[in-house]
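Heads up: the structure comes next, in structure tokens.
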Amino acid sequence: LLRHVTADDAGPILNPILFDGQRHGGIAQGAAQALVEEILYDADGNPLTSSLADYGAITAAELPSFELVTSETPTDLNPLGAKGIGEAGTIGATPAVHNAVIDAVSHLGVRHIDMPMTPERVWTAIQEAKKASAQ
Amino acid sequence: VSKVSLTVNGKDITADVEDRTLLVHFLRDVADLTATNVGCETTSCGACTVLLDGESVKSCTVLAAQADGREVTTLEGLASEAGEMSAVQKAFHENHGLQCGFCTPGFVMAITSLLKENPSPTEAEVRTGLEGNICRCTGYHNIVKAALAAASANKVEAGQ
């Protein structure tokens, strides 16, 4: 992931530092869902991702610094004008990262890859698209 | 049971501990220094990072006996005696490098060690260097910012 831009409008901002922090954390979680994180079970229902040695938690090395765009439009639905920002970044980050990966390989004929889009799944999708186009 | 003697934050501590005692449990339960957190206990998350003879280690996978006769620095040992925070601690404070705070002691120690090895890292070098520490709140954004700010502050202090 090279660049991620997020725009939020949560109404009036009381604490800009915490406001940005919620967005940073949310973006990381959303991108992680698209790229690496998954809880797996075997056919008998035994958990396969039972420790951090098995579960692909996202780290600083897989993420860029985030670019944030902010606007403040109060809602008239409550007296504070607030809409909330808690972990808001997750909502947009997952489809944005997913779309970016599909866009990068769509010229090879790939239309869809299940999340998380691990290198293995992306490679498999490319191979299958190649096979389909050869037929 | 073995007798283990460590220097922790400049103070000598000797205790009889079970052979299986991990360094992190020695620090928390014997030395009574609870800044160092126990996270995954599998060397994956970095919450227990401390300095052993100046180098960062994950204290959940070091036996207290392995640290016998050696020097350990924990988060509690970073500030000066007068209470002045280290450059990395100050940078975390100024850049809001934390949210829930559980991973913070580990990140501060890992960055302290990283900057000793590489005093002026690029952002990419900071990110790779912190691969062994997991944070679930901040998206790493402000942690990386704090590490780079601490590197700059160190340079200013050194008059470079």
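Every value quoted in this text rests on a predicted model; they were computed, and no experiment measured them. All chains are named by letter (A, B, ...) in the order of the sequence lines, taking the proteins before the strands, and each is independently numbered beginning at 1.
- Using modelled atom types, one finds no donor on one side chain facing an acceptor on the other under 3.5 Å when comparing B:Arg127 with B:Thr122.
- Defined by atom type and a distance below 3.5 Å, a donor-acceptor pair is missing between the side-chain atoms of A:Thr90 and A:Glu87.
- Heavy atoms closer than 4.5 Å to chain A are found in both the backbone and the side chain of B:Glu131.
- Top candidate by heavy-atom pairs under 4.5 Å with chain B, chosen from A:Ala60, A:Gly25, A:Ala28, is A:Ala60.
- Ion pairing between A:Glu38 and A:Arg121 holds under the 4.0 Å rule for side-chain N and carboxylate O.
- Looking at A:Ile27, there are no atoms closer than 4.5 Å to chain B (heavy atoms on both sides), in backbone or side chain.
- Salt-bridge formation is detected for the pair B:Arg136/A:Glu37: a Lys NZ or Arg NE/NH1/NH2 atom is positioned less than 4.0 Å from an Asp or Glu carboxylate oxygen.
- For A:Gln22, the parts lying near chain B are the backbone and the side chain together; criterion is any non-hydrogen pair under 4.5 Å.
- For the 3.5 Å distance criterion, the side chains of A:Thr49 and A:Asp54 fail to qualify, holding no donor opposite an acceptor.
- Only the side chain of B:Glu123 comes within contact range of chain A, with heavy atoms under 4.5 Å apart.
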